[in-house]
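FYI, side chains are in, hydrogens and waters are out, and symmetry mates aren't considered; it's all heavy atoms of this structure.
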Amino acid sequence: MDPRGRLGKWPVYRQLTGRDQLGRGTAARSPGTEAAAPRTESADRVVSSICPYCAVGCGQLVYVARRDGTDAVTQIEGDPDSPVSRGRLCPKGAASKQLVTHPGRQTTVLYRRPYAAEWEPLSLDRAMDMIADRVVAAREQTWQETWQGKRVARTMGFASLGGATLDNEENYLIKKLWTAMGAIQIENQARI
Amino acid sequence: MSEERQVPEAEFRSYYGRPILKVTRWKEPHLPAYLFLGELSGAAAVLAAAAAATRRPALARSGRLIAAAAAYGGAGFLTAELGRPERFVNMLRVAKPTSPMSMGSWILAAHSGLVSAAAASEVTGQLPVLGAAAGLAASVTGPLLATYPGVLLANTAVPAWHTAYRELPLLFAGGAMTAAGAGGLAVSACRADRTDFDAARRLALAGAVMESAAGFGLERLHGLSGEPYRQGNSGNLLRTARFLTIGGAAATLAARRSRIAAGAAAALLTAGGVCAKFAVLRAGVASARDPRYVVAAQRGGA
Amino acid sequence: MNSDCIVIAGSNMAECHPVAFQWVVEAKRRGATIIHVDPRFTRTSALADLHVPNRVGGDVVFLGALINHVLSGGHEFREYVTAYTNAADILPEEYVDAEDGAGLFSGYDPATRSYDNATWRPTGERDLTLSHPRCVFQVLKRHFARYTPERVQRACGISPQDFSRIAATLVSCSGRERTTAWVYAVGWTQHTTGVQHIRTAAILQLLLGNMGRPGGGILALRGHASIQGSTDIPTLFDLLPGYLPMPRPDDVSLERYLTRIPDTGFWGNKRSYLVSLLKAWFGDAATAENDFCFGALPRISGDHGTYRTVLDMIEGKIKGYFLWGQNPAVGSAGARLQRLAMAKLSWLVVRDLTVIESAAFWKNSPEIATGELRTDQIGTEVFFIPAASHVEKGGTFTNTQRMLQWHHKALDPPADARSDLWFAYHLGKRIRARLAGSTAARDRGLLNLTWEYPESGEEAEPAAEAVLQEVNGRGPDGRLLSGFAELKGDGSTACGCWIYSGCFAGGVNQTARRRPHTEQSWVAPEWGWAWPANRRILYNRASADPAGRPWSEAKAYVWWDAEAGQWTGHDVPDFERGKPPDFVPEPGAAGPAALGGADPFIMQRDGKGALFVSAGLADGPLPTHYEPAESPLVNALYKQDDSPVAKSYPDHPATHNQLGGAAVYPFVVTTYRLTEHHTAGGMSRTLSRLAELQPELFCEVSPSLAALRGLENGGWATIITARAAIEARVLVTRRVRPLRIPGEGVIHQIGLPYHWGSEGMVTGDTVNDLLPFVVDPNVFIQESKVATCDVKPGRRPRGPALTDLVMRYRREAGLEEDR
Amino acid sequence: MKHQASVASRLYGRLDDVSGEAGYAEHPPRVGFFTDTSVCIGCKACEVACKEWNALPDPDAGVLKLSGESYDNTSALGASSWRHVAFIEQGPLDAGAPAAGGLSPADVLGPALAGLASPDSVAPATRWLMASDVCKHCTHAACLDVCPTGALVRTEFGTVIVQSDVCNGCAYCVSACPFGVIDRREDDGRAWKCTMCYDRLRGGMEPACAKACPTDSIQFGPLDELRVTAAARVQELHASGVTDARLYGADPDDGIGGAGAFFLLLDEPEVYGLPPNPVVTTKDLPAMWKWAGGAAALLVAGVAAAFAGRRP
């Protein structure tokens, strides 16, 4: 830095004394430009993931940084190592960061009372208990031990829809639990 | 739904009729006002110096005051036009000859300093020699302040402005003389001593002639690029400006006697100048918005 | 990438699977010919060498005519067909082909609208000369003899020139030295003849010798991230993990159940698959004495598909409903009925990232606007339980190439959001706690369930790795198994899903392998793990000739290494490693032992590719053209107009007469997706980055239809079917062409992307309201690719007037009662 | 490497070492984009990847309308859209030169539909051009030249960026850009455009759009290498019968000295909304200053003449 400090920072001075007389480059660079760096470099960790949208299964890299005490996803982009996608993504895959961080995401439990006109908040724990009660009750009320004289040991009291957007492990537990409960009305997007 | 963009098809193709260029972000009244005040300040400074040199102290005094006021008025509009006005000082961050606005900023800064000094010494009576020197120097920065905007507009991708790089500086130089002349008329009309009045009148007349000639030159710009100066709202405005200026010139001729005529002449000339600036801005907007001008110009139909 | 020709039909690959499309572009750069068959000229067509617009619903005629072209011209890959397909099987005299049965095969019972396939079973003799009149090859020839290029023009609007150009390309790009690949998606499957579309392509590919070979085969482009996974480990009513069928009331014992599953090929080890599953679920409680708790499984008794369930729901028979990342109020056909059904529930639980239409139907559904439903009269109690996103939980997706890929948990989910693993696990814990003391028989299964997984973090998230290990299977000593070959039927092994066994081989999570593609072969076996046994191309034994030599150097993939005495190649052989090509099975052998050394299709009894399917399909052993449920054309090939076995629920008041005739609804409407949006829009219309790319629902119409109905580009149009009326902006485009059908005049087709609903940043009417409950008889998939409609300029009426508009059209079509 | 290029070539024409001319003693090779629109599938992954990486502001929900112009609802580059995918639907008649009766995309909107009776009177679409447009990072960048604050600068990679900690929103660049790329964001006040992911380049990373592009239509790399690849690709296409293929912005002797982001197009540039033969305005700047000087002199002369009369 020039001994006269402040004057040395003035681009016009740098134009006169440096290699960039016309002020098109080095003379006019600002502190912000000098400090430029990709925000992924300040990430605490990078996790390899798979895009949640379609069945191609493109590889994704998820960058996480710790900001004021909480972890936050700062970038999601393609995983160049993937033989399926070679680091590339489609518009939906490229929007994954917004998918997981956008304010429109509903992250607290909502409960609608029968006939009510609005949602009301409910604790997760309370909601889980209420749902368990309703499942046990519905199962009991609609249990079918036999059908047309043959043993079926099932309930048609409650149904389940969904699974194509879930992990295999999640599908496995749902199918395992539902079947053990005798609930046979279980379906997912593979059928629509 | 997009009827108004329905441009005649005949010989050219575009992307759904959408503009190729970006329409300027410069707004009314800011740009026209800055152009007019810049011209006024520049020419007034020259007038003041000429007046001082020809022992017309009253006119010199008025000239310096007008030059200072117009300079600050212009700077005010320029800063208000910025997206980030609080960073107006960044205009002096670099000195880039490739940027007319960079050069213009330095000219404006110097000119404002000089006319302020001249005006200050005029008002306070202090340091008259220094004041006179500043006034004299301002007669160098003044003309540049008046005509550099011609380069500023011409040095863009807007076909109507770019092809007018000869006419625009002349239009603004003429406009400057007219503005200063009109100012002189207005100021000296109410004084008994006629010589100030005659000089201002001659100046106004010369300015009117030059401004009208340049305006006429704009309309005659051959090819599609000049079309906005002939047609549409911008074309009408340019013709109106010329009528006002010519009217003003006529009034100036008749203004030898009555003060009212002098006032009318000053008003008409000023109105003509301002109107010409609006016309030039709107011509630029029309030229950027219609892709035909870009395509035709670059396909050789310019 | 290794294909000489790629035919994309029933799929819009560039838009719906864009990143996979890079490989089609790669193939094109190497000189492959890309053909796209689609009613619209889409972004896929823009990159194709040839786009052929077709009338939606004529696919079997088009594919059948290609088969006819191959057979009548002798273009089949003779050696491949003779050795690897059941072309030589001879059919019984009793068999009557649809050709002679006016569109019906022998064994059809009009009362039950179903077939008895007794007369389809081959006699057992075979004629390798393929000349016996009743051998499959000749039956096939006769079956498709009338599927001519002229017939294709009449049924599909495809010109003979286009047809012959495709046929010639297919033939020239198949055989020893060259292979052709077919790519399809729901464009083929969402029809009442969906399964048969794929069957026709399978026959064609077998005849051309493209199956099991690099650059050949049929690629199903599945939709969701793990929709393949959700059929392998099925949250489906009719399947157990690994495609084992759900037990039926007659399966009074494990043995009785096992006899119902054919002993074909590797299905021969069915006992070890099922018993291992039961041991995985019920652990020590499952013993040989109690049939390994086989009795604890519920029995299904017919169609419990989502459409049947929704109809039961409308009648108030169903109390509760769980939605796991699915949005039927917008994404399911007959969306209006979906919403009316949910209004009859006692309680509804929705698991999603945002408040989707199905969660807020009681507030914002179209029926509230028309007054058919009133918020204060909807008694459904609704729980919205926020879900964790894919970066807030660990687990595997199975992609459209059967590859399991682990996605790592990057951070904890916010606030109340939890993974579905957490939700299912903790719901199960709570339910089991409530039934802990019960001695009731029905609760024994639930209480005997192995339901302990290591929990971590203050949210007590169950370990997904542990669940995957259970799926992989363990030996008696708890050791993680390395493949389904190690499964035993005596209860000494436990395995959650036999086809996934090996995904945790050697205690290593194979699905989490990430060796960069730049550091391994183009088959990339060390990235993730494909079932079964990490084989990337199935039936790849067929890439070698009967003697085990590659058909050609260019297309070498898997071959017999005589010295090493085993199969080897670029991929894991889809064949018993040590079985030599000249192996002849013992007479009377069953299961894998019955497969010879030249029998690549190891899931079939005889290891041969099935040109003729004698069992397993509800709508006939050979694909036969039937018109869609709603069609502007009459079947030009058979007296039997539409599918004789398709299901349209005529017994239910809500679907009693849901179909409209072509007189009042003259135009064909087809639905599809856009690159920029995701199915029902919950994961795209809520995001500004995607919403701004395609902000409004639009319909694509040809300039001539626009002129016919006075539609203006950018203006509004109302589309009316027998079920509903919706409004959409108009996009006039020459990419949608009117089809000139000789003798029928012009068929106009309208395209409608179905992503829009009432919630999110950009909203719009729900296209699925327009569609009926009409499903394919095999897998019950709905016909949402083709229906008939009318279209009018301007926006639709608001409030009750909308219902009046629909009813006015219905009355005109002779459908008086309420829809 | 002769640093002191002649003055003329510093304003216009071929300039081989654009970073050197801007004062960088040593610098990496100039990098850029080659966009091969013949493999673009119009998926807009580039638009989303760019906005997500650069955290560009969302348009307010109210403004989200269907454009009615094929699948392009972005419509143009701008202060908050640094990538824009164009969609052009063409039939056999209007591929190449505009035939009289041909339907060019622009008039699909207009009255041409009124007279249609029979379905075949309109030729079917046989071509759907798609192209991802971006800032050209010109060798002679008018925006950079006219910028009075030195906010727009040449980087060590030869790219052009707006330094947002300097820009005061004078908007001169908006009128100077011959491609209509850069614009001022009205609520923010500053001008914005594609930075070719300058921050990523500093980290040795590829720009977000190039990385995301599924079919590698957007290729990033050293500009010299890209020009070789592009020329070969054009030959490849011509050989396979796609005779419309041509490069746009690849010629270092063109009006802007060659673009840092150039294209392979399949039709005339204006069909994509690109200027057919852009020339950097700086080329005529010396002449402009001469005319301004002359006018200033005239002004002085005029005033002098006006005051020339003797003072009694």
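- At a 4.5 Å heavy-atom cutoff, the contact between B:Leu152 and chain D is made by backbone and side-chain atoms alike.
- D:Ser67 and D:Asp72 form no side-chain donor-acceptor contact under 3.5 Å, judged by distance and modelled atom types alone.
- Only the backbone of B:Val23 comes within contact range of chain D, with at least one heavy atom under 4.5 Å from a heavy atom of that chain.
- Of the two parts of D:Ala191, neither the backbone nor the side chain holds a non-hydrogen atom closer than 4.5 Å to a non-hydrogen atom of chain B.
- Ranked by non-hydrogen atom pairs under 4.5 Å with chain D, the options B:Leu92, B:Val294, B:Leu170, B:Val140 are led by B:Leu170.
- When heavy atoms are compared at a cutoff of 4.5 Å, B:Trp106 does not approach chain D at all.
- Both the backbone and the side chain of D:Tyr172 come within less than 4.5 Å of a heavy atom of chain B.
- By number of non-hydrogen pairs under 4.5 angstrom with chain D, the leading residue of B:Asn155, B:Leu153, B:Thr98 is B:Asn155.
- With a 4.5 angstrom heavy-atom cutoff, B:Ala206 does not touch chain D via any of its atoms.
- Rounded to the nearest 0.5 angstrom, B:Lys22 NZ and D:Cys177 SG are separated by 8.0 Å.
- Most heavy-atom pairs under 4.5 Å with chain D, from the set B:Pro169, B:Ser99, B:Ala157, B:Ala50: that is B:Ser99.
- Contact of D:Ala142 with chain B is not made at all, since no heavy-atom distance falls under 4.5 Å.
- A heavy-atom distance below 4.5 Å is not found between the side chains of D:Glu270 and B:Ser14.
- Counting only distance, with no hydrogens or angles, the side chain of D:Arg184 and the backbone of B:Trp26 share no donor-acceptor pair below 3.5 Å.
- Interface remark: D:Leu129 contributes no atoms to any contact with chain B (heavy atom separation under 4.5 Å).
- With a 4.5 angstrom heavy-atom cutoff, B:Phe172 does not touch chain D via any of its atoms.
- Looking at B:Asp196, its side chain never comes within 3.5 Å of a backbone N or O of B:Ser188 through a donor-acceptor pair.
- A donor-acceptor pair under 3.5 Å is absent between the side-chain atoms of B:Arg56 and the main chain of B:Ala48, judged by distance alone.
- Each of D:Ser70, D:Gly294, D:Cys143 has some count of heavy-atom pairs under 4.5 Å with chain B, and the biggest count is that of D:Ser70.
- The closest side-chain donor-acceptor pair between B:His162 and D:Thr281 falls under 3.5 angstrom.
- Ring planes of D:Tyr71 and D:Phe87: tilted class, angle from 30 to 60°.
- The backbone N or O of D:Ala79 lies less than 3.5 Å from a partner atom in the side chain of D:Arg185, making a donor-acceptor pair.
- Between D:Lys283 and D:Leu11 there is no side-chain heavy-atom pair separated by less than 4.5 Å.
- A donor-acceptor pair is defined here as one N or O able to donate and one able to accept, closer than 3.5 Å; such a pair exists between the side chain of B:Arg87 and the backbone of D:Cys167.
- Proximity to chain D is absent for every atom of B:Ala180, based on heavy atoms less than 4.5 angstrom apart.
- Chain B forms more heavy-atom pairs under 4.5 Å with one residue of D:Val174, D:Thr149, D:Val303 than with any other, namely D:Thr149.
- Ranking D:Val300, D:Thr282, D:Val279, D:Asp165 against chain B, the residue ahead of the rest is D:Asp165, based on heavy-atom pairs under 4.5 Å.
- Ranked by heavy-atom pairs under 4.5 Å with chain D, the list B:Met91, B:Arg84, B:Met101, B:Arg93 is led by B:Arg84.
- Looking at D:Val280, there are no atoms closer than 4.5 Å to chain B (heavy atoms on both sides), in backbone or side chain.
- Considering only heavy-atom pairs separated by less than 4.5 Å from chain D, the leading option among B:Leu21, B:Val151, B:Leu168 is B:Val151.
- With a 4.5 Å cut-off on side-chain heavy atoms, D:His137 and D:Leu144 do not count as touching.
- Of the possible polar contacts, one joining the D:Gln163 side chain to the D:Gly150 backbone as a donor-acceptor pair under 3.5 Å is found.
- When atom types are taken as modelled, the side chain of B:Arg202 and the backbone of D:Ala306 share a donor-acceptor pair closer than 3.5 angstrom.
- Contact of B:Pro149 with chain D is not made at all, since no heavy-atom distance falls under 4.5 Å.
- Only the side chain of B:Ala146 comes within contact range of chain D, judged by heavy atoms closer than 4.5 Å.
- In this structure, the portions of D:Pro278 lying under 4.5 Å from any heavy atom of chain B include both its backbone and its side chain.
- Between chain B and the options D:Pro275, D:Ala151, D:Cys173, D:Gly78, the largest number of non-hydrogen pairs under 4.5 Å is found for D:Pro275.
- Counting heavy-atom pairs closer than 4.5 Å to chain B, the top residue among D:Ser175, D:Gly302, D:Gly273 is D:Ser175.
- If you tally non-hydrogen atom pairs under 4.5 Å between each of B:Glu86, B:Met177, B:Met103, B:Met210 and chain D, the highest count goes to B:Met177.
- With chain B as partner, the option from D:Val181, D:Asp284, D:Val166, D:Asp188 having the largest number of non-hydrogen pairs under 4.5 angstrom is D:Val166.
- D:Lys193 contributes no side-chain N or O that, together with a main-chain N or O of D:Asp183, makes up a donor-acceptor pair within less than 3.5 Å.
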